[in-house]
Amino acid sequence: MLEVRNISKSFGGLRAVDNASLDVSAGAIVSLIGPNGAGKTTLFTIIAGFQKPDEGRVRFEGRDITGLPAHTICRLGLVRTFQVVQPFGRLTVRENIAVGAHLRHADRADALENAEAVARRVGMGAMLDQPATSLTVAGRKRLELARALATEPSLLLLDEVMAGLNPTEIDEIVPVIRSIRDDGVTILLIEHVMRAVMSLSEHAYVLNNGAIIASGPPRAVAADPQVVEAYLGHGAAKRIAASETAHA
Amino acid sequence: MMAGRYTAIGITVAVLAALPLAVTSNEVMMFLILSLMFALLGQAWNILGGYAGQFSFGHAAFFGSGAYATATLQIHLGLNPWVAMVAAMAVGGLVGGLIGALSFRFRLRGSYFALITLAFAEVLRVVAHTSDFTGGGAGILIPLDERAANFQFESRDVFYYVILAMVAGSLVLTRALEDSRLGAWMLAIRENEDSARALGVDTFRVKLTAIILSGAMAASAGVFYTQIFLYLDPGIAYGVGFSVEALLVPIIGGMGTVFGPLVGSFVLHGVDEVTKELTGDAPGLNLALYGALLIVMLRFLPDGLMGLMGRLRRAAGRRQPQQAGRLKEAGDA
Ligand SMILES: Nc1ncnc2c1ncn2[C@@H]1O[C@H](COP(=O)(O)OP(=O)(O)O)[C@@H](O)[C@H]1O
Ligand SMILES: [Mg+2]
């Protein structure tokens, strides 16, 4: 469904994304993990058409979408959320979600009705008339998800929708994401919460310094010494292995 | 459900329509007419600034183009003024489309966009000043010929009803916008342009549509001005005064609300008249007053008088049940 091929992007001297490739097949939940500053968000912005890559191509449902404007890509069925939430502050939850719904529903009443249905689906049914600014962090993250979902995408890119949530809130959102997939929406998610990554996704890619350094089932990837070093620093894998043998 | 959204407009227009029955003074009539004209100009600004979030500092560009278009079409081509009005609104929309295409294509926002619109108004003023077609610096005079078919009326009352009809049209249009996809997209752009793009909004097209609508509406106010005064010069038509009025009126009344410009226009010109009475029309004083008002509004009432009214209403609504609760407790005791 999504084929990312050899994408590179530099900011000045910094190579934020370095020859990264990945695939997402229809119906899957795929995770993209990696330490802060690895280039995950940058890769998302390139896929979704917010930035042009220096090199590489992005194909979506067999069609080359590299360099297309963001709104066109959204219309094709690929939508992203923002890591730093970007609500329409002075609009209510209902109106926020309706903006997304309007993509496929020209009629105002129709879009509002759809917004309500989507809100209930992500557990925001009770907050419909609240202004977006009055929401908690968890509420705002959900609103990002709801608005994106309202565009009726076939592929959903979620950028750290669980960051800043407490364990209870995370336990609430995980089944919501799973149910979205079960309704036929393919999902690519950036996530730091490993528990969620493990329970949601079948496949994970690890990005470090802009490059994909590992991929595979989340459990295997998390045990990969290269990945452990990327997160904990050079030599960490060896130290952990040593201390584990010492304890055994 | 949607029909009920027009009752307030109906009532307001009906009340305004009854006003001339109570007014005999020509001066008061003129005050009402000009307040309505500025409400129309303010509504034009409101569509682009209040709803779509693009603050223009040069709405005189549209007002003046509408005014000059109707004047020159009548003088040079002998066009009927009613027909010329339609053409002039198209010209206003065209000027809007041009400014919009340039500035939105290059993603100019905030003060950069405001400066571009100001620059365009100034350029048009200079062009009108140097061109013979527009009568140059001496201006352009439309011969007096008071016939309804000629968009000239002997009676101030008729002018009043014409501008009231135009304002009513602008209120209905703005309300319809609020209930439409285009309106929702405009608000989305105002609140967060990146989010709008992510949700599939073609922000360039939506902003362009907004500025074309706004330009055409501002031009219609310019047409009315021309028909009532029958004289234009570049310093008036393209002057910074109209640009300031256009933004001040909705900012005072409430940006992004249907009635904001109407309320703001009556309040602004009411205050203006009172200070003139008190200070005897000292030159430049009204500009200083406008500046002070603008600062006060943006600092203390960013959502204008309509926002203030909304907050007072909600506060009153909260107090009443509390009072009822206290009375009940007192009764129980
Ligand atoms: N627009 C930009 N201009 C300059 N540097 C940027 C820009 N966007 C991201 N970066 C840099 O690129 C690197 C990758 O950032 P990002 O993609 O946000 O990482 P992640 O999402 O994995 O934490 C960081 O060093 C960041 O500072
Ligand atoms: Mg990130």
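Proteins come first, then strands; the chains are lettered A, B, ... in the order of their sequence lines, and each starts at number 1.
Side-chain contact of A/Arg108 with A/His102: a donor-acceptor pair under 3.5 Å is present, judged by distance alone. For the residue pair A/Asp129 / A/Thr92, no side-chain donor-acceptor distance below 3.5 Å is found, with atom types taken as modelled. Side-chain N/O atoms of A/Arg15 and A/Ser8 include a donor and acceptor closer than 3.5 Å. Counted by atom type alone, A/Ser31 and A/Glu191 present zero donor-acceptor pairs between their side chains at under 3.5 Å.
Not a single ring-ring contact (aromatic ring centres under 6.0 Å, His included) links B/Tyr51 to another residue, sequence neighbours left out. Every residue two or more places apart in sequence or in another chain that forms a side-chain contact (heavy atoms from CB on, under 4.5 Å) with A/Ile73 is listed here: A/Ile65, A/Leu68, A/Leu78.
Both the backbone and the side chain of A/Ala106 have a heavy atom closer than 4.5 Å to some heavy atom of chain B. Of the atoms belonging to A/Phe82, it is side-chain heavy atoms, and not backbone ones, that fall under 4.5 Å from chain B. The contact between A/Ala70 and chain B is made by backbone and side chain atoms together, counting heavy-atom distances below 4.5 Å. A/Pro87 touches chain B through its backbone: at least one of N, CA, C or O sits under 4.5 Å from a heavy atom, while the side chain does not.
Taking the six-membered ring for Trp, B/Phe57 and B/His59 have ring centres at least 6.0 Å apart. Here the two rings, on A/Phe50 and A/Phe44, have centers that are 6.0 Å apart or farther.
Residue B/Arg107 qualifies as open at atom CZ: its count of foreign heavy atoms under 6.0 Å is 12 or below.
Ring pair B/His269/B/Phe38 is parallel by interplanar angle, where below 30° counts as parallel and above 60° as perpendicular.
The pair A/Glu116-A/Arg120 counts as a salt bridge, with a side-chain nitrogen and a carboxylate oxygen less than 4.0 angstrom apart.
Contact annotation for residues 193-207 of chain B against chain A (heavy-atom separation below 4.5 Å, listed by residue number): B/Asp194, B/Ser195, B/Ala196, B/Arg197, B/Ala198, B/Leu199, B/Gly200, B/Val201, B/Asp202. Scanning residues 243-263 of chain B against chain A with a 4.5 Å heavy-atom cutoff picks out nothing at all.
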